[in-house]
Amino acid sequence: MTTLLTPYMTLLIAAAAAATFATRIGGYILVKRLKHMPPRLEAALNAVPAAVLTTLVAPAFFHGELDVKVAMAAAFLIGLRFGAIPMLIGGWAAVMVMRQFLG
């Protein structure tokens, strides 16, 4: 048995999977049983994607190097005008150019 797959680690992974499943299915069941969704709950659920995106992007921007910051700024500006694919391509191209010339 390897040191990574001990009985304790297996139990920990299974418990984390069960907790994740319980919270996801619990939220689904709760919302499904509501006859009318309160406006505050609907507003909170609508804010979740922006909150998740912020938690993913902000640390990379504030702790990343210059090439990451330029790529994110370029992707943001392209995303304001175009869709997701041009935004990804523009961000990728910006980071590749920055890494080519700045090292």
Side-chain angles (χ1 to χ4, degrees):
M1 181 174 277
T2 66
T3 58
L4 292 177
L5 195 58
T6 62
Y8 174 75
M9 187 60 69
T10 305
L11 182 62
L12 183 65
I13 291 170
T20 300
F21 179 76
T23 56
R24 288 180 181 230
I25 197 71
Y28 174 76
I29 290 171
L30 178 68
V31 170
K32 192 74 171 166
R33 293 183 76 181
L34 292 174
K35 291 182 180 25
H36 173 67
M37 187 177 300
R40 291 182 69 135
L41 178 61
E42 189 172 355
L45 290 175
N46 287 336
V48 169
V52 170
L53 185 61
T54 302
T55 60
L56 294 173
V57 171
F61 184 80
F62 289 110
H63 297 294
E65 299 294 325
L66 180 63
D67 57 344
V68 174
K69 292 178 182 180
V70 169
M72 285 185 172
F76 175 75
L77 293 174
I78 294 169
L80 289 175
R81 177 70 173 99
F82 302 103
I85 299 298
M87 178 180 65
L88 291 172
I89 292 171
W92 173 80
V95 80
M96 290 297 116
V97 168
M98 293 293 292
R99 287 181 180 174
Q100 180 66 32
F101 291 114
L102 294 181

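Because the structure is predicted, anything quoted here is derived from the model rather than measured. Side chains included, hydrogens not; waters and symmetry mates left out as well; all remaining heavy atoms used.
Heavy atoms only, all atoms of each residue included: T20 and T23 are closest at O-OG1, 2.9 Å. The shortest heavy-atom contact between M87 and G79 is SD-CA, 3.9 Å. When every heavy atom of A71 is checked against every heavy atom of A94, the shortest pair comes out as CA-CB, 3.9 Å.
Contacts classified as side-chain hydrogen bond (donor to acceptor under 3.5 Å, both in side chains) and involving residues 60-87 (residues at least two apart or in different chains) are given here: D67-R99. The salt bridge (charged side-chain N to carboxylate O under 4.0 Å, His left out) contacts involving residues 10-31 comprise nothing, where partners must be two or more places apart or lie in separate chains.
Only one option out of L12, L11, L5 pairs with M9 in a side-chain contact (heavy atoms from CB on, under 4.5 Å); it is L12.
A distance of 9.5 Å separates CG in N46 from CG in L41, rounded to the nearest 0.5 Å. Distance check, rounded to the nearest 0.5 Å: CE of M37 to NZ of K32 gives 10.0 Å.
Cluster membership for I29 and L34, using ILVMFWY side-chain heavy atoms within less than 4.5 angstrom, is not shared. Note: the hydrophobic cluster containing V68 also contains F62 (ILVMFWY, side chain heavy atoms under 4.5 Å, direct or indirect links). Note on L88 and L56: separate hydrophobic clusters, where clusters join Ile, Leu, Val, Met, Phe, Trp and Tyr whose side-chain heavy atoms are under 4.5 Å apart, directly or indirectly.
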*Apply the test side-chain contact (heavy atoms from CB on, under 4.5 Å) to residues V95 and V70: give CA-CA distance (whole Å), side-chain angles for both, the deciding distance (0.1 Å), then the verdict.*
CA-CA 7 Å; V95 80; V70 169; over 6 Å; no
